[in-house]
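First comes the structure, then the notes that go with it.
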Protein chains: 2
Amino acid sequence: MANDRSHNYSIKQLSAEFDVTPRTLRYYEDQGLLSPERRGQQRIYNAADRIRLAWILRGRRVGFSLAEIGEMLDLYDLGDGRETQRAVTLNRCKERIKALEAQREDINATLTELQGFASLISNLTRDHETGKWIHAETGEPVAHFGP
Amino acid sequence: MANDRSHNYSIKQLSAEFDVTPRTLRYYEDQGLLSPERRGQQRIYNAADRIRLAWILRGRRVGFSLAEIGEMLDLYDLGDGRETQRAVTLNRCKERIKALEAQREDINATLTELQGFASLISNLTRDHETGKWIHAETGEPVAHFGP
DNA sequence: TAGATAGTTTACGTTAACGTCAACGTCAAG
DNA sequence: CTTGACGTTGACGTTAACGTAAACTATCTA
């Protein structure tokens, strides 16, 4: 076949692109999350490895452990694709979706509070006479803010 | 004052309610995230402590470190509330908001992929003749799915 | 008075996700 | 040939967030 190397990367290229260390890529390989080919000793990553890595890092950013990420990647490998295995995969998948949706709700709640707090303190000023905090527009006093 | 203890909790009560161990609560206190009163030796948590704990745990669920959570809680303690300090607080607050919004986007992206994958495999079946995976409705073959 | 129960401090153990360092291989350039 | 640049495999170190066990205290109950 003509394009034997449609797009390949060295470990340093890939680690630089995603701003992780080579050590991290080797570690992920150790954990079975990546399995680049070898040219002699050296690891040679292809486009699929690159996409997997992006997946891994995004999973990491949303708080999954490497083990969980590994599981999720495995979901995609139905392999021979037996029926029972497919059902298990689907359930696992739905669990993950539930967890992510719950987490998104947590994020929304936290955002709401932070945004409320931010707008509060940006509308805050000192009363000239009493020295206490008041709302800049309404002039209302702010007793005690906090969670 | 009459209601000296509007609502208080022992360490075991609080830990049971939030499904964490007493050890965890002591650890959070060690890190300065909680500071319940003492009756003699024993810790006695009030309603405010309870709310702080809920905050802490939610922060933990969305992936913040305890140090970051501590910072965020400190944001609420403007204390004497000097002007410069208030500006710093506001900036930190906005940074956190940015980070959370980015994380929410990561979650949305992951959800989209997982949901697409889930619907794919739930619409999947075997072709009677070829034995290959095909779409149950359209009958179209599925070459290779994965990230 | 003696457990039983609930709490305390102190201190060492554990796991995940790498960082860091040492010792070595390999290959093109000077 | 040797000097880098780039890579490799161990192997040990590190940090965060608790777990766990030991030894002790205080209070309530039988």
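Lettering follows sequence order; numbering is per chain, from 1.
- For residues 29-37 of chain A, proximity to DNA chain D is found at no residue, defined as any non-hydrogen atom under 4.0 angstrom from a strand atom.
- Between the OH atom of A/Tyr45 and the C1' atom of D/dT8 there is a distance of 11 Å, given to the nearest Å.
- Taking for each of A/Gln42 and A/Thr21 the nucleotide of DNA chain C with the nearest heavy atom, the 5'-most of the two is the partner of A/Thr21.
- Applying a 4.0 Å cut-off to non-hydrogen atoms, the residues of residues 61-69 of chain A that approach DNA chain C are A/Ser65, A/Leu66, listed by residue number.
- Taken to the nearest 0.5 Å, the CG atom of A/Leu75 stands 6.0 Å off from the CZ atom of B/Phe117.
- Comparing A/Ile44 and A/Arg23 against DNA chain D, the residue whose closest nucleotide sits nearer the 5' end is A/Ile44.
- Per the geometry, CG belonging to A/Leu53 stands 15 Å off C1' belonging to C/dC18, to the nearest Å.
- Remark: C1' of D/dT20 and OH of B/Tyr27 are 15 Å apart, rounded to the nearest angstrom.
- The side chain of A/Ile11 lies closest to D/dG7 when the candidates are D/dG7, C/dT20, C/dG7.
- Distance check, rounded to the nearest 0.5 Å: CZ of B/Arg43 to OG of B/Ser35 gives 11.0 Å.
- The nearest pair of heavy atoms linking A/Ala118 to B/Cys93 is CB-SG, 4.0 Å.
- Contacts of A/Arg38 with the nucleic acid, taken as non-hydrogen atoms under 4.0 Å apart, involve only primed sugar atoms and P, OP1 or OP2.
- For the pair B/Ser10 and C/dG7, the criterion of a side-chain N or O lying under 4.0 Å from OP1 or OP2 is met.
- Taking only side-chain nitrogens and oxygens, A/Arg43 comes nearer than 4.0 Å to OP1 or OP2 of D/dT8.
- The existence of a salt bridge linking A/Arg58 and B/Asp106 is excluded, since no basic side-chain nitrogen approaches an acidic carboxylate oxygen closer than 4.0 Å.
- One can place CD1 of A/Ile56 at 10 Å from P of C/dC18, the figure rounded to the nearest angstrom.
- For the pair A/Arg52 and A/Tyr45, the minimum side-chain heavy-atom distance is 4.5 Å or more.
- In this structure, a donor-acceptor pair under 3.5 Å is absent between the side chains of A/Ser119 and A/Ser122.
- Residue B/Tyr28 places at least one side-chain N or O under 4.0 Å from the OP1 or OP2 atom of D/dC18.
- B/Asn123 contributes atom CG, which lies 4.0 Å from atom NE2 of B/His135 (distance to the nearest 0.5 angstrom).
- In plain terms, the two heavy atoms of B/Gly59 and B/Ile69 that are nearest each other are C-CD1, 3.7 Å.
- Note: CG (B/Leu25) to P (C/dA6) measures 16 Å, nearest angstrom.
- Between the CZ atom of A/Arg39 and the P atom of D/dC6 there is a distance of 15 Å, given to the nearest Å.
- Residues B/Glu113 and A/Trp55 form a side-chain contact, since some pair of their non-hydrogen atoms from C-beta on lies under 4.5 Å apart.
- Nucleic acid contact class of A/Arg26 (heavy atoms, under 4.0 Å, all strands): base.
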